[in-house]
Amino acid sequence: MLNSTALWEVVLSSMLVSVGSAIAFAAMPALVMKHYRSKAELFNEMGPNEIPLAELDLPRSQLGRALVQKILTRREHGVPDPLLVALSHSCESPDPQRTREEIRERLLIHVSDLIGDTTPDRRHASAVACQMLGLAEGVRGLGLFPAESISRDELLDLYGPLVQQQIDACPPPEEPHPTD
């Protein structure tokens, strides 16, 4: 079993690899082999990061703006975005297809639960998830909507309603009927 320092060495190196650091990539195989037998074992041990959406306790009408705000807050504080970590994890996994399916299922469950999407194909949850993934990648990965060019409030006013539109398109869950 790894001690916490060794585990964090591997995790941090893995995170650096996921953002394209050639230096970290050169060190990664040695760290993995030092603590695990293979990269596959590392991924199995770590598993994909949870997508923290369910802690939002807001009226449904405010969810779109709140979801956008979470991504912008992570950018402003330089905190890793779990959506981007999950994307990276699926690409770097020893079994990308299986990992992609697992991450997609977890994400759709979380978003469906959050917005009340009970459609069989979870189309509304899928649309919201795509919008959030796109925003996270755009602002973090591509530097779109730089903070120097557009204020946080302007971006919230621009993007929040787009996400809310998909949430509002999702029929609200039915209230349970009392039994007589």
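Along the sequence shown, the residues carry numbers beginning at 1.
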Chemist: State the CZ-CD distance between Arg106 and Glu101, to the nearest 0.5 angstrom.
Modeler: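 So the CZ of Arg106 and the CD of Glu101 are separated by 14.0 Å.
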Chemist: Can you tell me how far CD of Glu76 sits from CD1 of Ile71, rounded to the nearest 0.5 angstrom?
Modeler: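 CD of Glu76 is found 12.0 Å from CD1 of Ile71.
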Chemist: What heavy-atom pair brings Ile167 and Gly64 nearest, and what distance separates the two atoms?
Modeler: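 Of all heavy-atom pairs spanning Ile167 and Gly64, the closest is CD1-N, 3.5 Å.
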Chemist: Locate the shortest heavy-atom distance separating Pro161 from Leu156; write the atom from each residue and the value.
Modeler: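 What the structure gives for the nearest pair is CD-O, 3.5 Å.
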Chemist: Heavy atoms only: give me the nearest Thr99-His89 pair and the separation to one decimal.
Modeler: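 Shortest heavy-atom separation between Thr99 and His89 comes out as CG2-CD2, 3.4 Å.
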Chemist: Only counting residues at least two apart or in another chain, list the ones meeting salt bridge (charged side-chain N to carboxylate O under 4.0 Å, His left out) with Arg60.
Modeler: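 With sequence neighbours excluded, Arg60 shows a salt bridge (charged side-chain N to carboxylate O under 4.0 Å, His left out) to no residue whatsoever.
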Chemist: How would you list, by chain and number, every residue that makes a side chain to side chain contact (heavy atoms under 4.5 Å, CB included) with Thr73, sequence neighbours excluded?
Modeler: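 Side chain to side chain contact (heavy atoms under 4.5 Å, CB included) list for Thr73, sorted by chain: Gln69, His77, Arg152.
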Chemist: Can you give me the closest heavy-atom contact between Ala129 and Val111, atom names plus distance?
Modeler: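 In terms of heavy atoms, the two residues are closest at CB-CG2, 4.4 Å.
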Chemist: Scan residues 123-132 for pairs that pass side chain to side chain donor-acceptor pair (under 3.5 Å), counting only residues two or more places apart or in two chains.
Modeler: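 Qualifying pairs, neighbours excluded: Asp121-Arg123.
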Chemist: Strictly below 4.0 Å, N to O, side chains only: are Glu102 and Arg98 in salt-bridge contact?
Modeler: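 So Glu102 pairs with Arg98 through a salt bridge.
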Chemist: Please list, chain by chain and in numerical order, all residues satisfying side chain to side chain contact (heavy atoms under 4.5 Å, CB included) with Pro146, sequence neighbours excluded.
Modeler: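 Expected list: Glu148, Ser149.
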Chemist: Heavy-atom distance under 4.5 Å between the side chains of Leu158 and Phe145, does that happen here?
Modeler: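 They are in contact (side-chain heavy atoms under 4.5 Å apart), so the answer is yes.
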Chemist: If I compare all heavy atoms of Gly78 with all of Arg140, which pair ends up nearest, and what's the gap?
Modeler: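 Minimum heavy-atom separation between Gly78 and Arg140: C-NH2, 3.9 Å.
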Chemist: Is there a path of hydrophobic side-chain contacts, each under 4.5 Å between heavy atoms, that joins Ile150 and Leu142?
Modeler: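 Yes, because Ile150 and Leu142 connect within a single hydrophobic cluster, where side-chain heavy atoms sit under 4.5 Å apart.
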Chemist: Are Asp153 and Ser151 close enough that a side-chain donor and a side-chain acceptor fall under 3.5 Å?
Modeler: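 Ser151 and Asp153 do not have a side-chain donor-acceptor pair below 3.5 Å.
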Chemist: Below 4.5 Å, heavy atoms only, C-beta onward: do Leu108 and Asp117 meet side chain to side chain?
Modeler: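 Heavy-atom side-chain distance check fails, nothing below 4.5 Å.
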Chemist: Could you work out, with side chain to side chain contact (heavy atoms under 4.5 Å, CB included) as the rule, every residue matching Asp113, not counting sequence neighbours?
Modeler: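 Only Ile109 meet the side chain to side chain contact (heavy atoms under 4.5 Å, CB included) criterion with Asp113.
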Chemist: In Å, rounded to the nearest 0.5 Å, how long is the span from CG of Leu135 to CZ of Arg75?
Modeler: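 One gets 8.0 Å once the value is rounded to the nearest 0.5 Å.
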Chemist: Could you measure the distance from the CD atom of Gln166 to the CG atom of Leu63? Nearest 0.5 Å is fine.
Modeler: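 Answer for the CD-CG pair, Gln166 versus Leu63, is 13.5 Å.
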Chemist: What pairs of residues pass the salt bridge (Lys or Arg N to Asp or Glu O under 4.0 Å) test when at least one of them lies in residues 80-91, not counting sequence neighbours?
Modeler: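 Of all non-adjacent pairs touching residues 80-91, those that pass salt bridge (Lys or Arg N to Asp or Glu O under 4.0 Å) are Arg74-Asp81.
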Chemist: Under 4.5 Å between any side-chain heavy atoms of Leu133 and Leu107, yes or no?
Modeler: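 In short, these two side chains touch, coming nearer than 4.5 Å.
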Chemist: Taking Leu87's backbone N and O only, do any of them form a donor-acceptor pair with Ser90's side chain (distance below 3.5 Å, no angle check)?
Modeler: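 Between the backbone of Leu87 and the side chain of Ser90 there is a qualifying donor-acceptor contact (under 3.5 Å).
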Chemist: Taking the side chain as every heavy atom from C-beta outward, state whether Arg65 and Gln62 have any pair of such atoms under 4.5 Å apart.
Modeler: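 Side chain of Arg65 against side chain of Gln62, heavy atoms only: no contact under 4.5 Å found.
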Chemist: Is there a side-chain contact between Leu114 and Leu67 in this structure, where contact means two heavy atoms from C-beta onward sitting under 4.5 Å apart?
Modeler: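 A side-chain contact exists here, since the closest heavy-atom pair is under 4.5 Å.
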Chemist: Within the supplied structure, the quantity of interest is the number of heavy atoms (other residues, nucleotides, ligands) at a distance under 6.0 Å from Gln165 CD; does it exceed 12?
Modeler: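 Result for CD/Gln165: open.
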Chemist: Which atoms form the tightest heavy-atom contact between Ala125 and Ser112, and what is the distance?
Modeler: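 Looking at all heavy atoms of both residues, the closest pair is CB-OG, 3.3 Å.
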